[in-house]
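Throughout, protein chains are lettered first and strands after them, A, B, ... in sequence-line order, and every chain is numbered starting at 1.
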Amino acid sequence: MEKGMISVDKWSEESQVYFLTHLHSDHTKGLSSKWSKGPLLCSSITAKLFPTKFPDFDLSFLQVLDIGSSYSLSLVSPTTGLEISFQVTTIDADHCPGAVMYLFRGEFGCILYTGDFRWEATSEKALLGKSMLIKALGGDKIDFLYLDNTYCNPSYSFPPREVTARQVVNIIASHPQHDVIIAINTLGKEDLLIHISRALSIKIWVWPERLQTMHLLGFHDIFTTKTSLTRVRAVPFYSFSINTLEELNTMRPTIGIMPSGLPWLVRPVDERDYSLGLSLPIFQHTTKCQETEESSSLRKFHQYIYTVPYSDHSCFDEIKEFIKLVCPLSIKGIVSSSSCSIDPLYYLSHLCGPNQVIEQTTKKFRTRKVDESLEEKHVKVVKSIAVEFKKEKNMNVGCLSVRRSRVSVLRRFRRGAKIVERSGVD
DNA sequence: GCGATCAGCT
DNA sequence: CACAGCTGATCGC
């Protein structure tokens, strides 16, 4: 595709239409409430959550695409002035609420932009995503794949999230007298928290903004902001640290659980844990980790901290399966990372035949882009999208009341929140 | 004073 | 390392 047509998760360049895969910050960098460049297309859940992140955003720019549906769009070539039609299909990415992949099909060929995604063979959602993708492809191969290569290295290997969720429940259940804090971000890991809540019949504390997000997502009974109602609290990653845990433990016995795919990448070079000065034996995680849930990855990172391999990105084997399925002619990673900077896709070049082109990932690109395409002018998005969009827009307006002073209030609150955590334990 | 950007730190 | 993302400093308007 030529430039000036489409952008995905990239907001700096001029395009006729912009696609957003999900609301994590590294995909919205450059977006702001003052947006006026053009229509922004996303899933309905992303649209619903949008105002929490961009309070003053002009919602008339948002257009909702149903997951699993295909839409026809026409743009105009910047160079020829000719109208160019193409199809876009939205596929569940199973990464965080609202996260989608976009499949574009037109005279430019077949382009798949995964955004961040998890490809678990065992999850119902992934199976659904798989069937959506197969159906949308209709037997065709992908010409160009923009791939979430976060863990695109054979050393990254972890079990399905369902397995890890049971491990987490076991950890909590085996510390009946402890408070528990779990590190999460502003979006994602909801399924883990819900699993814990159901398995242990316990509510989960979250900070007020997160509760609002939970309510927007339709979870009304599981989460609370009252510390007195539960011993399990989900806190932002940035307020989760060894220091926090040590301070908490001066008040009350508390363990921390850090769900992440990251620490599992490491093939420890020696017996020492990272830079934490720990003396615990390192647990070498092996994916085929059929070792049972209890015994296996109870890996202590620190006296009070358990890290568990709960990842919203695909592990290496899942990426491999994904690539085998879509057989791309060429691939480009959308995530830069120094641990993979050599060329993570090197590991996958054998999967789709000799003609495959693997683009080298370059160092510091956090943006994921697809600003290519063929033509330009105004965008004619299908009518039904606009109609659907209006519905969502009304819902949003009804649910939110975000103010300007939000940031400072929030910051102060969060400082307060930590104190609450500490004093709320008695 | 505000927004955008960046360094620093989990 | 860094999944994501807050905090605080600085700069330009």
OP1 or OP2 of dG5(C) under 4.0 Å from side-chain N/O of S25(A): yes
Span that lies between the P atom of dA7(B) and that of dC1(C), in whole angstrom: 15 Å
Distances under 3.5 Å only, N/O to N/O: pair up the protein atoms with those of nucleotides 11-13 of chain C.
none

dA4(C) OP1/OP2 closer than 4.0 Å to side-chain N/O of H24(A): yes
Sugar-phosphate, base or nothing in reach of S311(A), heavy atoms under 4.0 Å: nothing
Short side-chain N/O contact to dA4(C) OP1/OP2 from H313(A), under 4.0 Å: yes
Without placing hydrogens or testing angles, list every side-chain donor-acceptor pair under 3.5 Å for residues 34-41 of chain A, not counting sequence neighbours.
from   : atom 1 : to     : atom 2 : distance (Å)
W35(A) : NE1    : G38(A) : O      : 2.7
K37(A) : NZ     : W11(A) : O      : 2.8
K37(A) : NZ     : S12(A) : O      : 2.8

Reference residue Y151(A); test ring pair (Phe, Tyr, Trp, His ring centres under 6.0 Å); the match among F316(A), W119(A), F158(A): F158(A)
Working for side-chain hydrogen bond (donor to acceptor under 3.5 Å, both in side chains), residues S43(A) and T46(A): CA-CA 5 Å; S43(A) 69; T46(A) 296; 3.0 Å; yes
Step-by-step salt bridge (Lys or Arg N to Asp or Glu O under 4.0 Å) determination, R118(A) to D94(A): CA-CA 5 Å; R118(A) 178 90 201 242; D94(A) 204 11; over 6 Å; no
side-chain contact (heavy atoms from CB on, under 4.5 Å) evaluation trace for V8(A) with Y146(A): CA-CA 10 Å; V8(A) 184; Y146(A) 288 88; over 6 Å; no
Scan nucleotides 8-10 of chain B against the protein and return all N/O pairs shorter than 3.5 Å with their distances rounded to 0.1 Å.
from    : atom 1 : to      : atom 2 : distance (Å)
dT10(B) : O3'    : F240(A) : O      : 3.2

